[in-house]
Amino acid sequence: MNFAILQFPASNCDQDAVHVVRHVLGHSAQMIWHKESSLGEPDAVIVPGGFSYGDYLRTGAIAQFSPVMQALRGYAEAGGLVLGICNGFQILCEAGLLPGALIRNRSLQFRCEQVFLKTISRDSPFTCKVPADKTLKIPVAHGDGCYYADAPTIARMEEKQQILWRYSTEQGEVSGMASPNGSVGNIAGVCNESRNVAGLMPHPERASEAILGSEDGRLLFESMIDWLQRRKPACATP
Amino acid sequence: MKAKIIVTPKKAVLDPQGKTVQNALEQMGHLGIQAVHVGKYLEIELADGDKEAARKQLDEACHRFLSNPVIEDYQLEIES
Amino acid sequence: MKAKIIVTPKKAVLDPQGKTVQNALEQMGHLGIQAVHVGKYLEIELADGDKEAARKQLDEACHRFLSNPVIEDYQLEIES
Amino acid sequence: MTEPRITPELVQKHNLTPEEYEKILGILGREPNYTELGVFSVMWSEHCSYKNTRPLLKTFPTKSPKILVGAGEENAGIIDIGDGLAIAFKIESHNHPSAVEPFQGAATGVGGIIRDIFTMGARPVCAVNSLRFGPITQAPSKSSGVTAEIANNRRLLSGVVGGIAHYGNCFGIPTIGGEVYFDPCYEGNPLVNAFCLGVLRHDQIARGSATGVGNPVFYVGPATGRDGLAGAAFASQDLTDESAQQQRGAVQVGDPFMEKLVCEACLELLATGAVAGMQDMGAAGLTCSTCETAARADTGIEIELDKVPQRGPGMTPYEIMLSESQERMLVIVHKGREEEVKRIFDKWDLPWSEIGTVTDSGRMVVKHGGTVVVDLPARQLADDAPVYHREAREPAYLAGVRAFSLATVPDLTDPREALSRLLAWPSIASKNWVFRQYDHMVRNGSVVCPGSDAAVIRIKHDSVPPVPGQPPQALAQDKLIAVSVDCNATYVYLDPYEGSKIAVAEAARNLACSGAVPLGTTDNLNFGNPHNPEIFHQLAESVRGLSEACRVFRAPVTGGNVSLYNQNPNGAIDPTPTIAMVGQIEREEHITTQWFKEDGDAILLLGAPVDGSDPMLGLGGSAFLKVAHGTKSGTPPRCDLEKEKQLHEALLALIYSGEIKSAHDCSDGGLAVALAECCFSHQKARDTFQLTGASVDLSSVSDLRLDALLFGESQGRVLVSVSALNAVKVIERARILGVAALNLGITGGTALNIRTGTGEWSWDLRELHRLWWNAIAEAMRI
Ligand SMILES: Nc1ncnc2c1ncn2[C@@H]1O[C@H](COP(=O)(O)OP(=O)(O)O)[C@@H](O)[C@H]1O
Ligand SMILES: [Mg+2]
């Protein structure tokens, strides 16, 4: 598979995503500079973490106007797979490709720690390979990770099973203490209605190798690859 | 010309910063504080010109960019 | 009563956020922008009472912790 | 515009002595003008010239076959780590700016040290910090309310940590470790020492020299403003209300976003081969970077200030030359390759300007509005600052603290409360409130995160800066680098020589506990005013101890930083020579962490349980004496360097043989605190801890005071756990390797149980852990 990884000024997890795609998963990865107006023809796009534009004004606010985002919109509308991680999630929300917004952590402090995630819907290209009942250990590192959407939006997302992950305890219990940021309903990651665009605050690319303490994050990438492989013959370009 | 923009969190949105400031003020002995909201303030210095055109342009920017309508409201004011 | 507080970076101090927003606005096609300053806005809802006393108290709070006098200026306004 | 006339008062205001001014007149053969005086004052400040410490610093060991760039040659030293790869690292202080504005002061400190590293051509891959503040908790005796001092110390802690987090997180560098101590001596004068380490290939080393006559000089980064005017000079005088007030008008604000762009652009640029030399504008900004690059290359440099991007109108040459606006670089480019440079800066949307050329005149010439405003000999300015051999006198307080005897302190009968109090004491308590605010995992290399003796990162092949047109070169194997930063300043206060040896020994011991062999050291000498002979004595004795210890551990000093004048109205800080030591771990299997791994393992103590030849039995200057008896006195533990070295080598040999499951050194709080930390320091995830109980029996160590046995801080001790089946074998091997080893007990259960000749006690681990884990957060919540 061929992954495109967007690079904004002050993306800083871009190389981490490339590393995991190339050297852990053995697929190909290409960095796309934000001033490009075309994505090429990737099988999937990752919008990586970081502090695009220094997180000034609002996280992800400025990046949404980069030329590459126009191309990304088209790509997503045509059904292409897009995964936003951390700052990437914030950018996708700001750009309107995902519902909701991410606001300051309730503690008002940055938080970097391992958390556990419960997968809420396994019916998506990002979760299809996650075993039922498995909690995922994946780290977070963010200051603005508190997910917010108004009640009607949340209700609609729940109905359409757009909530993919919630913060939980190791045993899979969704409790307030398990959340590092105070998100509505402990939401850690969501997808759009057509399920081809997803975003999450935790960093699966930092949990893809045993030496870093967890390999659970790999399940997300492996889900995408599996889904693409199954889809590929039917529709060559999404 | 100068544009002044105030961006505030929507009332329904959690405002932990407001809450923290309120607690701190109360601890300092301030009485009768009913609520605190913390938002952003932007000041934009503009070349002199058509005020109404500037307002229109900036209103658009506020809506698309300077505030996020999912979580925030804004007020725009232009002074000449 | 309502207190409105605007906190802005001192003019002599670098405002990287303002500069970045200015660049973004220019890239989006806004013309004639000479400077952008990004600060904080606080709104404090107060029980009705002595306006001057409230001002004095809040002025103190602005100075002590609502703004950072080393790098920021503030304006305090009280409406009844 | 008229410039001030040079008067003796003006010279004095620039912190130059009449003799120094005479020397300047001698060099120039004329009077300097106002701008030139400013240039001399910053270049000849302690911060830039090391005029008070140079003779001392010369005594450091600085050589080893692995050193590629040695101390003092460039902005940071460089050490070979094999396979054509190398690391660059350095520590630097930002104490005074942090006292004035903690958030921005600490943030710009991080920014400055990161620039020092990528200036060398290295990609910054991790950061570490060492912090000191006044107390953040009230002494238990006076419990009502919080004093203004304590409130202020908390404000400083919160600001400094916030600033480090802001800058490092946004830049995208993992902050993987550090230390935090609290002591009244730092009230009003906190210490903020920031360390950064970067990686590069040998052929990527960049030099800070202006070579090639005729080469153009580029300025890149944000416009120059009036911020941080003469910051180097500010750092080189006592911190007073007045000096702080002055500096307040010109606080530097950090822009990590800009720094990230500058770093990426510079690394990309270096890879093109178009760069002849590069230097960051740190302390003394444009002044220091121009004259130092010219001095190194033995050339001259000429710049035009009209071409320097400026933030506001009307800046004077004096202000432009002395500004310390952040995130700026000076780049000397091979003539004819300017277009490549412009293309890369434009790609990253960076402001840049061509401001001058390299000349062969040996002079630093600055023009403004067509006239020459500075014309000085670059080399003499950079290298000929006066050197002082200051007077040293043994401090009077030492006699008093040496006279302290244990006989005046009654022994403990029940240690339960003492251990709880020590674990909740902020200097010993978990620092999670601090490091959870730092992104310590970005860059996918943090193998051992904050919470163990040393942090460990792996360097994978894509950690190295790029080579154009080439895919990242494969590495035979990832490299593993360990870092520890240490200094127990109380020991240094009580005995500058012995205490400084301990700082180095502890750093080396922490590395050994993680499975690493030392490669090199960088030090940050934080002291008071060197004009005071007693302080100079501390400094000289400290350097003697550091040098000796670095020699023994084969950890040569590759660079460092001196921060003097750390005083507040109550006097000087405790002498604090912070040591950051870097080591290498040969193989992944050797990485060792401090916490117990499972139930049923044997707990062994390597090293003698107590140093019997120490009259204070390890209690001098101990955390226990401070917490339980409120005294900071006695002679500190002795440090037998040869014995230490033998211990580290034995520990490493045991780690290599695969026997060691965990290793943790005994430091602040002694054996009991170290044991507790082994039981509970492993955090699996947020709010999810691994608690592994232990039952130990110390009754074989007879004839020892209970407080000394449990809380004494004798040096040269490490707690390890091994599979119970291997215990006898490991003890035997340790003895063969010349190290005493004692089987203390076994892991397991939910309590820490300790038995001694006089009694048996038990602590509930969850309770102990709660105290230790939450102490700082609880103090900071108020
Ligand atoms: N300022 C800090 N930043 C990051 N990590 C820190 C900081 N202070 C302490 N830590 C981490 O907390 C752990 C315990 O620190 P410390 O008590 O100083 O250890 P030791 O006594 O073994 O040197 C270490 O892993 C250290 O890196
Ligand atoms: Mg240790």
Side-chain angles (χ1 to χ4, degrees), chain A residues 7 9-20 22-24 33-35 49-56 62 86-87 105 107-117 135 137-143 167 169-171 175 177-180 203 205-214, chain D residues 123 158 161-162 165-166 168-175 254-261 263-265 347-350 432-433 435-450 456 458 460-463 466 471-472 474 478 480 588 591 683-688 777 780-781:
Chain A
Q7 192 186 22
S11 288
N12 59 34
C13 307
D14 44 353
Q15 287 163 343
D16 299 358
V18 170
H19 167 75
V20 168
R22 276 197 199 140
H23 303 290
V24 179
W33 183 235
H34 73 115
K35 289 179 186 169
F51 280 70
S52 59
Y53 294 94
D55 266 4
Y56 292 137
I62 301 181
C86 196
N87 191 223
N105 290 351
S107 64
L108 298 176
Q109 283 181 352
F110 193 93
R111 278 288 177 277
C112 176
E113 55 198 348
Q114 298 280 351
V115 297
F116 291 106
L117 299 182
T135 53
K137 181 176 151 191
I138 299 182
V140 291
H142 58 245
Y167 301 107
T169 64
E170 191 171 9
Q171 289 72 36
S175 79
M177 279 297 282
S179 162
H203 284 273
E205 83 284 15
R206 297 186 189 180
S208 292
E209 294 164 275
I211 189 172
L212 300 181
S214 171
Chain D
R123 176 174 283 292
S158 147
V161 170
H166 164 69
N169 298 352
C170 180
F171 180 85
I173 191 163
T175 301
D255 183 0
F257 168 55
M258 181 62 78
E259 177 116 325
K260 169 75 175 169
L261 303 186
C263 174
E264 293 298 335
K347 168 184 168 188
W348 291 95
D349 289 327
L350 286 170
N432 70 84
W433 183 89
F435 60 70
R436 73 188 184 191
Q437 297 186 53
Y438 302 151
D439 187 338
H440 44 259
M441 302 176 190
V442 61
R443 301 200 58 78
N444 255 355
S446 307
V447 176
V448 178
C449 291
V456 180
R458 70 161 168 179
K460 42 193 199 321
H461 60 272
D462 49 7
S463 306
D478 290 350
L480 297 164
E588 194 180 320
I591 301 170
Q683 184 194 14
K684 279 162 66 182
R686 176 186 173 77
D687 211 29
T688 314
M780 296 305 289
R781 199 171 300 139

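Sequence lines set the chain letters: A, B, ... in the order given, protein chains first and strands last, and positions in each chain run from 1. Keep in mind that what you see is a predicted model, and the values were worked out from it rather than measured.
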The test is side chain to side chain contact (heavy atoms under 4.5 Å, CB included); show your working for A/Q114 and D/K684 and say whether it passes.
CA-CA 7 Å; A/Q114 298 280 351; D/K684 279 162 66 182; over 6 Å; no

Do you know the tightest heavy-atom contact between [X] and [Y]?
| X | Y | answer |
| --- | --- | --- |
| A/C13 | D/V442 | SG-CG2, 4.1 Å |
| D/L261 | A/P9 | CD2-CB, 3.6 Å |
| A/R206 | D/N444 | CA-OD1, 3.2 Å |
| A/F116 | D/A685 | CE1-CB, 3.4 Å |
| A/W33 | D/K347 | CZ2-O, 3.4 Å |
| D/F257 | A/G54 | CD1-N, 3.3 Å |

With sequence neighbours excluded, give me every salt bridge (Lys or Arg N to Asp or Glu O under 4.0 Å) pair touching residues 107-116 of chain A.
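Matches after skipping sequence neighbours: A/E113-D/R686.
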
Can you tell which part of D/S446 gets under 4.5 Å to a heavy atom of chain A, answering side chain, backbone, both or neither?
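D/S446 touches chain A through backbone heavy atoms alone.
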
Which atoms of D/D255 come close to chain A, meaning under 4.5 Å heavy atom to heavy atom: side chain ones, backbone ones, both, or neither?
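For D/D255, the contact with chain A is made by backbone and side chain together.
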
Give the member of [options] that has the highest number of heavy-atom pairs under 4.5 Å with chain D.
| options | value |
| --- | --- |
| A/P180, A/A141, A/P139 | A/P180 |
| A/G50, A/S179, A/A207 | A/S179 |
| A/L212, A/V18, A/V115, A/N87 | A/L212 |
| A/S208, A/A178, A/G213 | A/A178 |
| A/S52, A/G143, A/A10 | A/A10 |

State the CG-CD distance between A/N12 and D/E264, to the nearest 0.5 angstrom.
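Between atom CG of A/N12 and atom CD of D/E264 there are 9.5 Å.
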
Between [X] and chain D, which part of the residue has a heavy atom less than 4.5 Å away: side chain, backbone, both or neither?
| X | result |
| --- | --- |
| A/S11 | backbone |
| A/Q171 | neither |
| A/D55 | neither |
| A/Y56 | side chain |

Do you know which of D/N432, D/T688, D/I591 has the most heavy-atom pairs under 4.5 Å to chain A?
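Top count of heavy-atom pairs under 4.5 Å with chain A: D/T688.
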
Heaviest contributor of heavy-atom pairs below 4.5 Å to chain A, chosen from D/K260, D/Q437, D/R443, D/H440, is D/Q437

Can you tell whether the side chains of A/E209 and D/R458 come within less than 4.0 Å, N to carboxylate O?
yes

Do the side chains of D/V161 and A/Q109 get nearer than 4.5 Å, heavy atoms only?
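A/Q109 vs D/V161: side chains apart.
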
Evaluate the side-chain proximity of D/M441 to A/H203: yes if any heavy-atom separation is below 4.5 Å, no if none is.
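A side-chain contact is absent here, since even the closest heavy-atom pair is not under 4.5 Å.
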
Go through the steps to decide whether D/D462 and A/Q15 satisfy the test side chain to side chain contact (heavy atoms under 4.5 Å, CB included), and finish with yes or no.
CA-CA 8 Å; D/D462 49 7; A/Q15 287 163 343; 5.7 Å; no

In chain order, what residues pass the salt bridge (charged side-chain N to carboxylate O under 4.0 Å, His left out) check against D/E259, with sequence neighbours excluded?
D/R115

What do the steps show when you test A/K35 against D/D349 for side chain to side chain contact (heavy atoms under 4.5 Å, CB included), and what is the final call?
CA-CA 11 Å; A/K35 289 179 186 169; D/D349 289 327; 3.1 Å; yes

Using modelled atom types only, decide if a donor and an acceptor are shared between the side chain of D/D439 and the backbone of A/C112 within a distance under 3.5 Å.
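Side chain of D/D439 to backbone of A/C112, a donor-acceptor pair under 3.5 Å: no, none is there.
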
